[in-house]
Amino acid sequence: MKKIFYFLAICSLIFVYSCSDDDDELSIATIAVQLNYPGDTESMEGVEVELKGGTAESFEANTDVSGIASFQVPYGIYEVSVTEDRVVDNVYAYQYTGSQTNINASSSELQVSVDLKENYLGRTDSKIEVTFKLTYPSESEFSSKEGIEVSILNNSTNETLKASTTAEGSVEFVANPGTYQATVIDRRVSNGNVYTYSITQSDIVFNESWDSATPLDLELTEAVSGQIIIKELYIGGCPKDDGSGYYGYDQYVILYNNSDETATLDNICLGTVSPYNSNSSGDYAVDGTLNYLNEGWVPAISAIPHTKSAVTIAPGEEMVIALSGAIDHTSTYSKSVNLAQSDYWVLWDNKDQLTHKKYVAPDASIPSSQYLGIQKWGYGTGWVFSNSSPAFCIFTTKGSTPEAFGSSTDNLTAEEGNKGSKKLNTEWILDGIEVYRAGYENFKRFPDGIDSGSAQFTSKLGYTVYRNVDKAVTEAIEGNADKLVYEYNFGTEIDGVSSTDPSGINAEASIAKGARIIYMDTNNSTNDFHQRSQASLRD
């Protein structure tokens, strides 16, 4: 099996090199790494040795009974490193480490000798008292609290110890000597965002010289993700039954709680950014660059639909919002969707402002508490929302209200005058998706901090923009194994290129069987979304 692995690895490297600008024939070097132990310590079979190249590729091999690890790699400059933990007579713990840099593999065969250093850790039947202290980023709104789990893994025995922090962020262990890896994951929720503080710190050596009186700081890093995400955007309409054109007054969006915590927000607002179609460069592009790119705002067009009170969404639950008519559109157009559901929300308020014919009275089953209000400032008869390529976002007016934002004249952009766009604070935005119009030259509207990519879309065919499943995380959820449905078949083609969910998981069918789905959220719509051949509400 090991030979097969090396053969495949070499084949893949040959392919990479053959696709580069260097047309020279790839040369392979065999590197034999001999581990030299101090004193009369004997070599051991199965010790892992790592070889790293100058372009960050990494190779691993295990030693044979003679302490030799063999590699077959392309010519180049390499460095080798090894860390081995060993227990002698079932009592005495040692660690052996060694490395060598600037290994020039420029011939077919090369022998490298690595001298290892010995570090006596202590008796395995003795105990080391260890204290860790969690440190949060200075700019974070969060700090230490009681009950954060810290785990340490013994690299030799694979034994894991767990303990919880005090209110000051300290945690204590009593452990055997050895080399350990410490892991912390602390998730907090605030204003619709999930803040993940984490660290994985390796090669922590507990030995008899450990200073038990001095805590070891674990400096956590912060990652921010949206608690509420845009799961689906159905915007492009569907073909009419008689083939005379398309019907486009059945738009909707589905929001989803992608976290493990209940989300409670003072309000949820919908926004779209100028220009409303992606194939227009708009008024904000100067020499190919958005003039608001580093200003902390984006230009919101004409109006913001919003909830009128606080909204709570449980983990794994969703919020369907009809953007025009919350009625059964399939009664007239069979390829459309039925939005006449009692648990759906609908854009329906201030009828004197929403005079366009696409706004019709909601189905009687939908309570008025689920009507969205609208704060409007544009010239039109409704909310200007593209059916082909919107830059769409959801946000909450932190420290303000939708009414205050919509009525203010201090936040108007200079480019479009007193009826144009308003400066929407990017710190308010929970999630955004940049939709590009397939087959056209497109222009970016969101800065990378909101969406660093784009989702391609073809309108008028009943297609929808749907978020991809995070396969690894979803499959790891306890109880999901028998509920996940594969062989996903709702992918499409865009300009001859396949657009589908790479996970292969049919999210809607899996949810129907009781699975918990976690969707991709990399802040890049190119990776996070695909064009689905059918609106999910039709499944």
Side-chain angles (χ1 to χ4, degrees), residues 29-54 56-73 76-105 109-132 152-161 173-183 199-219:
T30 297
I31 303 178
V33 179
Q34 171 73 64
L35 303 186
N36 297 324
Y37 290 82
D40 58 357
T41 302
E42 295 182 353
S43 300
M44 287 190 65
E45 184 179 11
V47 176
E48 184 177 283
V49 180
E50 183 178 25
L51 189 72
K52 289 185 177 179
E57 69 267 33
S58 178
F59 307 89
E60 291 84 29
N62 293 329
T63 57
D64 59 19
V65 292
S66 301
I68 298 175
S70 296
F71 298 86
Q72 288 183 304
V73 295
I77 304 298
Y78 293 89
E79 62 180 57
V80 65
S81 62
V82 60
T83 298
E84 177 201 344
D85 290 330
R86 183 184 301 192
V87 177
V88 178
D89 297 332
N90 295 320
V91 175
Y92 305 102
Y94 295 86
Q95 182 186 73
Y96 298 93
T97 60
S99 63
Q100 189 173 141
T101 60
N102 296 320
I103 299 170
N104 186 0
E109 293 186 2
L110 181 68
Q111 293 191 359
V112 176
S113 182
V114 177
D115 294 329
L116 301 182
K117 296 180 180 179
E118 180 181 85
N119 181 19
Y120 175 60
L121 302 180
R123 293 176 60 96
T124 58
D125 55 0
S126 66
K127 298 291 183 181
I128 310 295
E129 294 182 359
V130 181
T131 302
F132 293 106
I152 58 172
L153 170 68
N154 187 312
N155 292 345
S156 297
T157 65
N158 288 324
E159 178 187 15
T160 298
L161 302 178
F173 292 93
V174 178
N176 293 322
T179 304
Y180 287 79
Q181 173 180 285
T183 303
I199 186 173
T200 298
Q201 187 162 323
S202 303
D203 298 328
I204 305 172
V205 180
F206 299 166
N207 56 29
E208 292 180 340
S209 62
W210 183 273
D211 182 3
S212 299
T214 304
L216 176 65
D217 285 337
L218 295 178
E219 298 182 359

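For the pair Thr200 and Gln181, the minimum side-chain heavy-atom distance is below 4.5 Å. Counting heavy atoms from C-beta on, the side chains of Gln100 and Val33 never come closer than 4.5 Å. At least one side-chain heavy atom of Val49 sits less than 4.5 Å from a side-chain heavy atom of Phe71. Residues Tyr78 and Phe59 form a side-chain contact, since some pair of their non-hydrogen atoms from C-beta on lies under 4.5 Å apart.
Between atom CG of residue Leu218 and atom CD1 of residue Ile199 there is a gap of 5.0 Å, rounded to the nearest 0.5 Å. Summarising the geometry, atom CD belonging to Glu79 is positioned 8.0 Å from atom CD1 belonging to Ile103; distances are rounded to the nearest 0.5 Å. Considering CD1 of Ile68 and CD1 of Ile31, their distance stands at 13.5 Å, rounded to 0.5 Å. Here Phe132 contributes atom CZ and Asp217 contributes atom CG; the two are 10.5 Å apart, rounded to the nearest 0.5 Å. The distance from atom OG of Ser70 to atom CD of Gln34, rounded to the nearest 0.5 Å, is 10.0 Å. Interatomic distance, OG1 of Thr83 versus OH of Tyr96, reported as 13.5 Å (0.5 Å rounding).
Of all the heavy atoms in Ala105 and Ala29, the pair that sits closest is CB-CB, 4.0 Å. Closest non-hydrogen pair, Ala182 versus Ile204, comes out as CB-CD1, 3.8 Å. Closest heavy-atom contact between Thr63 and Met44: OG1-O, 2.8 Å.
Among Val130, Ile152, Val174, the one residue that satisfies the side chain to side chain contact (heavy atoms under 4.5 Å, CB included) test with Leu161 is Ile152.
A distance-only check finds no donor-acceptor pair linking the side chain of Asn155 to the backbone of Asn158 [under 3.5 Å].
Residues forming a side-chain contact (heavy atoms from CB on, under 4.5 Å) with Ser212 (at least two apart in sequence, or on another chain): Glu129, Trp210. Every residue meeting the salt bridge (Lys or Arg N to Asp or Glu O under 4.0 Å) condition with Glu84, not counting sequence neighbours, appears here in chain and number order: Arg86.
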Pair Glu48-Val82, side-chain contact (heavy atoms from CB on, under 4.5 Å): steps then yes or no
CA-CA 7 Å; Glu48 184 177 283; Val82 60; over 6 Å; no
Stepwise side-chain contact (heavy atoms from CB on, under 4.5 Å) test for Thr179 and Asp203:
CA-CA 6 Å; Thr179 304; Asp203 298 328; 4.2 Å; yes
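Under 3.5 Å, the side chains of Glu109 and Thr30 contain no donor-acceptor pair of N or O atoms. A side-chain donor-acceptor contact under 3.5 Å links Glu60 and Ser58.
For Glu219, the CD atom sits in a loose shell: 12 or fewer heavy atoms of surrounding residues, nucleotides or ligands are nearer than 6.0 Å. Within a 6.0 Å sphere centred on NZ of Lys117, heavy atoms belonging to other residues, nucleotides or ligands number 12 at most.
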